[in-house]
Asks: 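Here's a structure for you.
Order of appearance sets the numbers: ligands from 1, and atoms from 1 within every ligand. Residues take their numbers from the sequence shown, with the count starting at 1.
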Amino acid sequence: MGKALVIGVDLGGTKVATAAADLDGLLLAKVIEPTRPERGIGAVIETIVDTIKEAATSAGASKSDIRSVGIGSPGPIDPKAGVVVFAPNLMWHNVPIVELLESELDLPVCLENDANVAALGEYRFGAGRKSSNMVYITVSTGVGGGLILDGEIYAGSFGMAGEVGHMTIADDGPLCGCGNQGCLEALAAGPAIARKAQACILHGQETIMTDMVSGRLEEITSKTVGEAAAAGDILAKEIVDKAAEYLGIGIANLINVINPDTIVIGGGVSNMGELLLQPLRRATQRRAMKAAFEKVEIVKAELGSDAGVVGAVCLALGRL
Ligand SMILES: [Zn+2]
């Protein structure tokens with residue numbers, strides 16, 4: 001018999017990332033497999049089970065050494081019932097994932113929303129290590145978030161808290177994927193940043209971004225905008241500043257309501273670093289209550305794409 005393990009699973013629409021860790025949360029092995037949800041629920045469950053066994057083997061242990069499993073899934077989810085309520089990129093509707101995995105594995109399995117799980121990872125082992133009340137915001141193709149209050153995930157009454165991307169920021173703003181108008185996600189996520197650049201160029205504005213994509217405007221991403229801004233391009237800098245301002249409005253609202261000690265910004269767009277964070281802090285300062293703003297740290301996430309799997313390990317540790 002090997003040493004006792006816990007397993008963390010970060011389930012996404014494109015890949016399943018599974019880690020084995022010791023009881024202190026130290027990662028011992030990580031396995032990544034494509035999700036391929038078009039194969040159906042049973043096949044995805046089988047893939048998850050396979051990655052769990054493989055991660056245990058890679059960690060020099062076996063399935064019998066595993067004490068618990070934590071899983072982060074796209075949501076909304078119902079953490080108490082262990083059900084993925086709706087996950088469009090998995091094509092899942094009311095999937096009882098905890099029951100399915102527990103009957104396959106004969107182990108306790110714990111489910112949480114993926115953004116809440118990533119928040120937990122940053123809180124325990126990343127940029128929120130010194131925090132008690134932390135807001136995690138991930139800015140990539142969407143804007144997601146998670147709340148850690150008094151050291152615990154705050155999931156809300158029905159598991160749906162922390163949807164910071166769907167706070168209304170502009171009353172006449174662009175349509176959001178959720179059906180509302182002017183959500184933070186519709187204004188400041190990667191695709192919104194890229195679309196803004198494309199629209200400005202089509203209106204005749206001069207920028208090095210046109211040459212960066214050899215005139216193929218559809219290839220502009222938020223990364224292009226970030227790189228152009230870093231190189232001193234005026235239009236790109238304006239677009240980044242505007243996205244930072246929208247994020248700052250949302251963060252000021254969160255600070256005034258929650259009074260956190262730390263705001264952690266993750267996701268691909270956060271790789272712009274201080275280029276984004278400096279105007280974001282200024283915008284937040286202009287709008288948040290002074291006493292609350294002075295006490296809060298706004299920092300970049302530290303775990304990158306590992307936040308989900310590290311958080312899932314923490315979730316599993318919480319079940320022991
Ligand atoms: Zn929305």
Asks: Among Ile258, Leu149, Thr262, find the one that has a side chain to side chain contact (heavy atoms under 4.5 Å, CB included) with Met134.
Replies: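 The passing option is Thr262.
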Asks: Can you tell me if Thr224 and Thr221 form a side-chain donor-acceptor pair at under 3.5 Å?
Replies: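 Judged by distance alone, the side chains do pair up.
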Asks: Provide the closest heavy-atom pair for Lys63 versus Lys53 in the form atom of the first, atom of the second, distance.
Replies: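 Distance-wise, the nearest heavy atoms are CD-CE, 3.9 Å.
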Asks: For the Zn ion (ligand 1), which protein N/O/S atoms are closer than 2.8 Å?
Replies: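 The answer is His166 ND1, Cys176 SG, Cys178 SG, Cys183 SG.
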Asks: Salt bridge between Glu238 and Lys242, side-chain N to carboxylate O under 4.0 Å?
Replies: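 Result for this pair is no, no salt bridge flagged.
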Asks: Which pair of non-hydrogen atoms, one from Leu276 and one from Ala244, has the smallest distance, and what is that distance?
Replies: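 The pair with the smallest heavy-atom distance is O-CB, 3.7 Å.
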Asks: Say whether Thr47 and Arg39, considering side chains only, have a donor N or O and an acceptor N or O under 3.5 Å apart.
Replies: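 There is such a pair between these side chains.
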